[in-house]
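Notes to accompany the following structure.
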Amino acid sequence: MKLLIVLVLVLTALLPAIAKAQQAPNNPIDNAPPEVSSEAFSCPVATKRIITHSAQIDPVNGHCGQTYSRTFSCNCGTQGRRAKAIDVATDGGDVFLPQIGGQNVNWKLNLAYPIAPGDGGGNGYVFETEAGGTRWHMDFVHMAGAPVEVGQTYPSGTNLGKVHQTHVHFTVGRNLANSPVPGTATDCDPGWLVSDFVCDPNAPVPTPTDNRPSGLSSQGTKASNRLCVKVGTPTTEKPAACTAPVSPVTPGVAPGAAPPVASGEFVQTIRSQFGVNMEGGWGETHLQWIYEKFYELQQTNPKFIELLSRETIGLTDSNEGPNQLATYVRMPQDGYWANNNNFMPVLIHELGHTIYHNKRDAGALSSKHNDIYNSNGKPALTTYVSGYGEPTRMTENYAEVIAYCLTGDGVYNHMKGGAGSINLEYWATYYKTLAEEITGGACRR
Amino acid sequence: MNNLINSVQRLPKPVLLLIIILGLFLLITLAVLTSTQQTEEELPKETGPDVIYPQPPSEDVQRRSQSYSAIEIGKTTTEEIKVLPELKGEQVKGNQTEFSFNSGLYTDNKVVAENGVVVFKKIITTDPQTWQHPPLSSYLGAYGSPEAEFTGSNTYGSRFKTYVYPSQGLAFLGNPAPDELYEIHVFEPTTIEQYRLKWGSDINENLDNQHNEGALIGR
């Protein structure tokens, strides 16, 4: 009889487990979840071996540190999501959703996105959960392809599978203002935490009030900025911008002069400060024009600069002409393009194409533009646009809207036979407000 | 039969009890499994994939997608279509009736019926308030490699792609660079050629030479 009672108890205990196994979308396969540590988070990888720290823990070799590959852009420099991330080697093992404070939580998958091969490849996943009144986000990058679905919820310990190559890259966010979309302004949310603490018991665990940008001292002065470090020779006094109090920039306010950059440092500075890769043998003059224009726009129209993150400006010759055929901008610098008044409006126009094609609609507002354009009889902003058939006409219009907003000029004055015209009524009625929304600041006209 | 009953009755009580418990356990387990399978089967495949956004969509989008999810290819009739919300208009072309539904944008959600039954539907997945889209890769991941893909869209531009699964009666139109889905097409399973002919008029593979501002002329 005792045997019977034991049997009944065992079977009763097994029943819910069988039912759960039927419903669970994802079960751990062959590895057990890693041991739960005493820190706030359990490390998602059993090895707990960090191969690249955050910039704050390792300013030299960490993410966005001094030796960090310039192939990878760092949105918001050392204050951004990538700078605060860690890489953890998996040694062939799996990645698991972590516990928080030793407790199981339910993680909701908000976003699944592919990682470009140039950014290390694989897939990215943004999870969200709430624990103890705090909203947490985790951005996992370089996964081989986890068996999870957007909108579904998964408990701590869920196996996310293998990584694309050797490691998983992740960042923890606390009480972020918006659910993050990597590559957008959400990278700059101060709620991203220096994430070494997740897998390194010796790393400092952020306190609940520790959400201020880690490069700012309590007095609000800029304590760390790549530009400030690299300007001039080591004996030169740093420019005022490096020590002046940091104040929020108001879009539309006239910017100050760009801090000087040492010869030979433009490519690196453009990459670290604006997230834009300069490809080819660009001359210093053109690099300086680009640096100064981007510096100006970062202050007056910051959303435009954010939209350029991870984009490339390549060099071509005048025979090829300005274009955006290869998913990135290619511009000449000789002949007619040796004059900044000709070069800059056309460059900004081409960057408009890049934004239209490469960036998420929520930032680029390309669908909003197309809706305005198509719902109002297809008003072409410039004569240049009018020369095209659809849908090229529509996409050229978008690029001219961006160029006219940021330069008061556009391709229409520089291509195909000389100066053209702009329809200022269309500009005022349909496009100016839209352009200011896309770029995050006031238009020049 | 009587022999069997007698044999069971002669079994020791503990063994009989064990058999009853095991039998009950088996029955309950089967019931649980069956109910799970039923839930999966209850989802009618003809309605096509769900539209799932990274963030909660606006109320307008939720309301409009009700029509999309209610329509079943090969089943829903024109009479049923006419009572759905957000219907803008209808146009009869031979044995086809084309219904347009408000999407909140300049392009409409579309439903085509042949001989009184729905054979095609298209939903615009752009949220006109938040401008978010479902992630394209989630759909391509779920359905695997498309049987055909075409670059160039007359509606959206040269880099947009249409991924077609004609044997499954599905196509996805989106912008692969930022991983955004713009349209879902659901239709009766067919061939690639027939899809292009009947439902693929937006595809335009001759748009590749764009955004080249050309050489300077007259300078």
Side-chain angles (χ1 to χ4, degrees), chain A residues 1 3-4 7-8 11 15 18-19 22-23 110-114 123 126 145 149-151 179 181 183 318-325 327 335-336 346 349-350 353 356-365 367-368 370-371 373-375 390-392 394-396 399 411 414-418, chain B residues 13-14 17-18 21-22 24-25 28-29 32-33 35-37 39 50 52-55 104-107 124 126-128 130-138 141-142 152-160 175-180 182 204 207-219:
Chain A
M1 200 61 191
L3 181 70
L4 269 178
L7 196 65
V8 169
L11 291 177
L15 201 63
I18 292 172
Q22 281 296 313
Q23 288 166 349
N110 281 353
L111 180 68
Y113 60 100
N123 295 283
V126 177
E149 288 179 23
V150 172
S179 186
V181 178
S318 333
N319 292 330
E320 182 176 314
N323 68 79
Q324 208 271 347
L325 293 170
T327 74
Y336 182 72
V346 178
H349 170 105
E350 301 302 342
H353 285 311
Y356 182 96
H357 286 294
N358 293 358
K359 297 303 179 184
R360 290 181 191 275
D361 209 357
L365 299 179
S367 288
K368 189 171 186 177
N370 295 350
D371 200 47
Y373 176 84
N374 285 292
S375 303
E390 298 296 0
T392 310
M394 178 177 74
T395 55
E396 290 294 340
V411 162
H414 300 278
M415 306 299 298
K416 295 192 175 169
Chain B
K13 261 189 182 174
L17 204 59
L18 180 64
I21 288 166
L22 281 174
L24 276 173
F25 176 74
I28 294 167
T29 308
V32 169
L33 294 180
S35 71
T36 311
Q37 281 162 4
T39 312
D50 290 337
I52 300 171
Y53 294 88
Q55 304 293 322
L105 292 161
Y106 67 100
T107 42
I124 311 293
T126 308
D127 185 330
T130 63
W131 306 105
Q132 66 169 328
H133 298 256
L136 177 62
S137 59
S138 296
S153 156
N154 284 323
T155 306
Y156 303 105
S158 58
R159 312 267 168 86
F160 281 70
N175 188 358
D179 189 29
E180 293 188 322
Y182 276 64
N204 187 344
L207 295 172
D208 55 346
N209 192 25
Q210 279 193 70
H211 311 313
N212 186 352
E213 315 312 339
L216 287 165
I217 300 166
R219 289 195 185 275

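Since we're looking at a predicted model, the values are computed, not measured.
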Shortest non-hydrogen contact between [X] and [Y], atoms and distance:
X	Y	result
B:Asn154	A:Pro391	O-CB, 3.4 Å
B:Pro178	A:Asn358	CB-O, 3.5 Å
A:Tyr356	B:Tyr156	OH-O, 2.7 Å
B:Pro135	A:Ala112	CB-O, 3.6 Å
B:Gln55	A:Ser179	NE2-CB, 2.9 Å
B:Tyr53	A:Val150	O-CG1, 4.1 Å

Just how far is it from atom [atom1] of [X] to atom [atom2] of [Y], taken to the nearest 0.5 Å?
X	Y	atom1	atom2	value
A:Leu111	B:Asp179	CG	CG	8.0 Å
A:Asp361	B:Glu180	CG	CD	5.5 Å
A:His353	B:Arg159	NE2	CZ	8.5 Å

Considering only heavy atoms, which portion of [X] lies under 4.5 Å from any heavy atom of chain A: side chain, backbone, both, or neither?
X	value
B:Thr130	backbone
B:Tyr182	side chain
B:Thr155	backbone
B:Leu105	both

Problem set entry | Test item: A:Asp371 side-chain N/O and B:Tyr106 main-chain N/O as donor-acceptor pair under 3.5 Å | yes
Problem set entry | Test side chain to side chain contact (heavy atoms under 4.5 Å, CB included) applied to A:Ser367 and B:Asn175, B:Thr126, B:Ile124, B:Thr107, the passing residue |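 The side chain to side chain contact (heavy atoms under 4.5 Å, CB included) with A:Ser367 is passed solely by B:Thr126 among B:Asn175, B:Thr126, B:Ile124, B:Thr107.
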Exercise. Are there more than 12 heavy atoms of other residues, nucleotides or ligands under 6.0 Å from atom CD of A:Glu149?
Worked result: no
For this session: Would you please name every residue forming a ring-ring contact (aromatic ring centres under 6.0 Å, His included) with A:Tyr113, sequence neighbours left out?
Result: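 Testing A:Tyr113 for ring-ring contact (aromatic ring centres under 6.0 Å, His included), a comparison that skips the adjacent residues, returns none.
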Seminar exercise, completed: Okay, A:Lys359 and chain B: the region with an atom under 4.5 Å from a heavy atom over there is backbone
